[in-house]
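One structure below.
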Amino acid sequence: MITRPMPEATLYSFRRCPYAMRARLALRYAQVPVQIIEVSLKAKPPEMLALSAKGTVPVLAVDGRVIDESLEIMHWALEQQDPEDWRLTADPAAPAQMTALIAENDQVFKVHLNRYKYAERYPEAPMEHYRAQGAVFLAQLESRLQEQRYLLAERASLADMALLPFVRQFAHVDRQWFAQAPYPALHAWLQGLLESQLFTAVMAKPPSNIDL
Ligand SMILES: N[C@@H](CCC(=O)N[C@@H](CS)C(=O)NCC(=O)O)C(=O)O
């Protein structure tokens, strides 16, 4: 395999943010040398806000460019190097399928996830209501995973990595509920990815004195 020289990059990140997690997953997988700056969301560094005024993490600064959307960071990383073909380049249907699944995650599932996680802030319905709404997406993932090992193929793709931090967050709201929910293939998928070297590496606690 030919390894291209890579630009030095800086990533403003927050360890537990699912968007930042997916960016870190792709950057590490692509072996992009990156300096990760762990930020406090309550006191964002002025250097980060100068790069991207919207004030969300992750923010990637590289080659004089600023990328402040997690999905775009993932795509940028895979353009640098995609050793296991997360883009599923042999499958012409893959880009559209990935886009659709990730859009459903980001625009629909994420809304239900937030309401489930912070149900006390949405008292117009009980927590179970928000959980059931989110579970519609989980059931859809389960039926994909009954057919194949990963969401779009027998091997991992960008879609798996983009969704993983959000499914993890949903599972962790009430681990007991998730463990008994009827999604055996999803359980196996999640457990396998959470135990992977890649995921554990991007979740390692940064050496810092910030209280995480
Ligand atoms: N669409 C953005 C969303 C990023 C986002 O919302 N990140 C959250 C943390 S998980 C954030 O920085 N929120 C701003 C804040 O909490 O002040 C992306 O995909 O990068």
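Keep in mind that what you see is a predicted model, and the values were worked out from it rather than measured. Just follow the structure's listing: the first ligand is 1, and inside any ligand the first atom is 1.
- Using a 4.5 Å cut-off on side-chain heavy atoms (C-beta onward), R149 and R155 make no contact.
- In this structure, F178 has its ring center at least 6.0 angstrom away from the ring center of H172.
- Taking the centre of each ring, F137 and F170 stay at or above the 6.0 Å mark.
- Using a 4.0 Å cut-off between charged nitrogen and carboxylate oxygen, K205 and E38 do not count as a salt-bridge pair.
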Note down each nitrogen or oxygen pair, ligand 1 side and protein side, whose separation is under 3.5 Å; give only atom names and the distance to 0.1 Å.
from, atom 1, to, atom 2, distance (Å)
ligand 1, 1 (N), E69, OE1, 2.7
ligand 1, 1 (N), E69, OE2, 3.4
ligand 1, 7 (N), V57, O, 3.0
ligand 1, 12 (O), V57, N, 2.9
ligand 1, 17 (O), K44, NZ, 2.5
ligand 1, 19 (O), E69, OE1, 3.3
ligand 1, 19 (O), S70, N, 3.3
ligand 1, 19 (O), S70, OG, 2.6
ligand 1, 20 (O), S70, N, 2.9

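- Q180 places a side-chain N or O within donor-acceptor distance of the main-chain N or O of W177, the cut-off being under 3.5 Å.
- Checked by atom type, the side-chain pair S40/K42 shows no donor-acceptor distance below 3.5 Å.
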